[in-house]
Amino acid sequence: MLKKPTRDIPISAFLIACNEAEYIGEVLDSLQAFDEIILVDSGSSDATVAIAESKGAKVFTHAWQGFALQKSYAMSLCRNQWVLNVDGDEVLPAGLVAEIQRQVNDTDASALRLYFEDIFWGKPMSPFSGKRSIVRVFKKDVATYPHDRRVHENIILAKGAKETKVAGLVTHFGYATTEQLLSKQNQYSSLKALDKYESRKKPSLIKLCLIFPLTFIKTYFFQRMYLSGKRGLIYAHVEAMYAFLKEAKLFEYWETKGKD
């Protein structure tokens, strides 16, 4: 007896954006198979909004509240229980979109973990290097964004919620050049250090001394960035610098903002 085809479960795609005109068209093209696309813009001065509207996205304007609050707001606008979150520089290949839909239809999980391919100097890193992974597809009723974090605002799943992995890679253009990578890591290290300071986390001189070489070893050797040649060497150094800057800025905040 033939198995009856599973009806596609509707999925809402949502993203937050500000001045993402460079890649937003390609990003939205890759989301056309989903039931709806929600884009929350926080004041773009480029063509982001016009491009999004031309691609059929539902565009909302909302003053910047921080990554977590902004994404929470965008998620609240989605009409479906299953949602997908992407950034304005992340493109989903057609095969990955089909696999997401298949998993949502067939799995008993409430969340799906996606893997990311960072484009650096115009091409992906070695296919044998470590790939970042984040839960980006999930049911709204089992996921919340941590409003106490300024950065790395990945969702928190409810206790007992099951997640599974999705084969395939999201193409990420946000670290395309050394300048872009350094700029973002500098920005994110400031936000992360401020989060640590406000939670009263004390800096450590030992960690400050060791974090750079340990992070470099982890990234270059254990995540196999050495397989990408010069690009991998530079990428690993920038990752190590990000780790170092978090600790250095935490020391700075304690020294300049007070210790009470």
Salt-bridge test for [X] and [Y]: reply yes if a basic N is under 4.0 Å from a carboxylate O, no otherwise.
X: E198; Y: R150; value: yes
X: E90; Y: R136; value: yes
X: K218; Y: E239; value: no
X: E252; Y: K249; value: no
X: K246; Y: D195; value: no
X: K71; Y: D87; value: yes

Is there a donor in the side chain of [X] and an acceptor in the side chain of [Y], or the other way round, less than 3.5 Å apart?
X: S44; Y: D41; value: yes
X: S72; Y: H147; value: yes
X: S12; Y: E36; value: yes

Taking C-beta and beyond as the side chain, do [X] and [Y] meet within less than 4.5 Å on heavy atoms?
X: F34; Y: N80; value: no
X: Y175; Y: D89; value: no
X: L39; Y: F60; value: no
X: L15; Y: I38; value: no
X: V83; Y: N85; value: no
X: I100; Y: L92; value: yes
X: R79; Y: K58; value: yes
X: L194; Y: K257; value: yes

Give a yes or no on whether the backbone of [Y] and the side-chain of [X] come within a donor-acceptor separation of less than 3.5 Å.
X: N186; Y: L182; value: no
X: S228; Y: S126; value: yes
X: S42; Y: C18; value: no
X: S54; Y: I51; value: yes
X: Q32; Y: L28; value: yes
X: T107; Y: V104; value: no
X: Q223; Y: Y220; value: no
X: D141; Y: Q81; value: no
X: T215; Y: I211; value: yes

Item to check | Mutual orientation of the aromatic rings belonging to Y242 and H152 [parallel < 30°, tilted 30-60°, perpendicular > 60°] | outcome: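 Aromatic pair Y242/H152 classed perpendicular.
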Next on the checklist: In terms of relative ring orientation, are F212 and H237 parallel, tilted or perpendicular, with 30° and 60° separating the classes?
Outcome noted: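 Judged by the thresholds at 30° and 60°, the geometry between F212 and H237 is tilted.
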Checklist entry - Is the NZ or CZ atom of K140 both under 6.0 Å from the centre of the six-membered ring of W82 and within 45° of that ring's axis? => result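 No, K140 and W82 do not form such a contact.
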Checklist entry - Has R224 got its NZ or CZ under 6.0 Å from the middle of the six-membered ring of F221, at an angle within 45 degrees of the ring axis? => result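 R224 over F221 ring: no.
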Hydrophobic cluster identity match, [X] and [Y], side-chain contacts under 4.5 Å:
X: Y145; Y: L191; result: yes
X: L112; Y: I37; result: yes
X: I11; Y: I134; result: yes
X: V59; Y: V27; result: yes
X: W64; Y: I24; result: no

Please find the pair of heavy atoms, one from [X] and one from [Y], that lie closest to each other, and give the distance.
X: V135; Y: A111; value: CG1-CB, 3.7 Å
X: E20; Y: D46; value: N-OD2, 3.5 Å
X: S189; Y: L245; value: OG-CB, 3.6 Å
X: V40; Y: A74; value: CG2-CB, 3.6 Å
X: P124; Y: I119; value: N-CD1, 3.8 Å
X: G88; Y: Y23; value: O-CB, 3.6 Å

To the nearest 0.5 Å, what is the distance between [atom1] ([X]) and [atom2] ([Y])?
X: Q103; Y: R113; atom1: CD; atom2: CZ; result: 13.5 Å
X: R231; Y: D118; atom1: CZ; atom2: CG; result: 10.5 Å
X: F222; Y: F216; atom1: CZ; atom2: CZ; result: 12.5 Å
X: L250; Y: S190; atom1: CG; atom2: OG; result: 11.5 Å
X: M75; Y: L84; atom1: CE; atom2: CG; result: 12.5 Å
X: E117; Y: F173; atom1: CD; atom2: CZ; result: 10.0 Å

Next on the checklist: Walk me through whether E153 and Q70 qualify under side-chain contact (heavy atoms from CB on, under 4.5 Å).
Outcome noted: CA-CA 10 Å; E153 69 296 341; Q70 202 78 353; over 6 Å; no
Next on the checklist: Centroid separation under 6.0 Å, is that true for the rings of Y235 and F120?
Outcome noted: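 Here the rings of Y235 and F120 have centres that are less than 6.0 Å from each other.
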Item to check | Aromatic contact, H172 with F116 (centres under 6.0 Å) | outcome: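 Between H172 and F116, the centre distance exceeds or equals 6.0 Å.
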Checklist entry - Has K131 got more than 12 heavy atoms of other residues, nucleotides or ligands less than 6.0 Å from its NZ? => result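 Counting other residues, nucleotides and ligands, NZ of K131 exceeds 12 neighbours.
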Checklist entry - How far apart are the C-alpha atoms of S45 and N19, what are their side-chain angles, what is the distance that settles it, and do they pass the side-chain contact (heavy atoms from CB on, under 4.5 Å) test? => result CA-CA 6 Å; S45 58; N19 294 331; 3.4 Å; yes
Next on the checklist: Assess the residue pair L208 and F251 against the criterion (side-chain contact (heavy atoms from CB on, under 4.5 Å)); give the C-alpha distance rounded to whole Å, side-chain angles, the decisive distance to 0.1 Å, and a yes or no.
Outcome noted: CA-CA 9 Å; L208 181 69; F251 266 103; 3.9 Å; yes
Next on the checklist: Quick one, V238 with Q185, criterion side-chain contact (heavy atoms from CB on, under 4.5 Å). Give me CA distance, side-chain angles, the key distance, then yes/no.
Outcome noted: CA-CA 8 Å; V238 175; Q185 299 298 48; 4.0 Å; yes
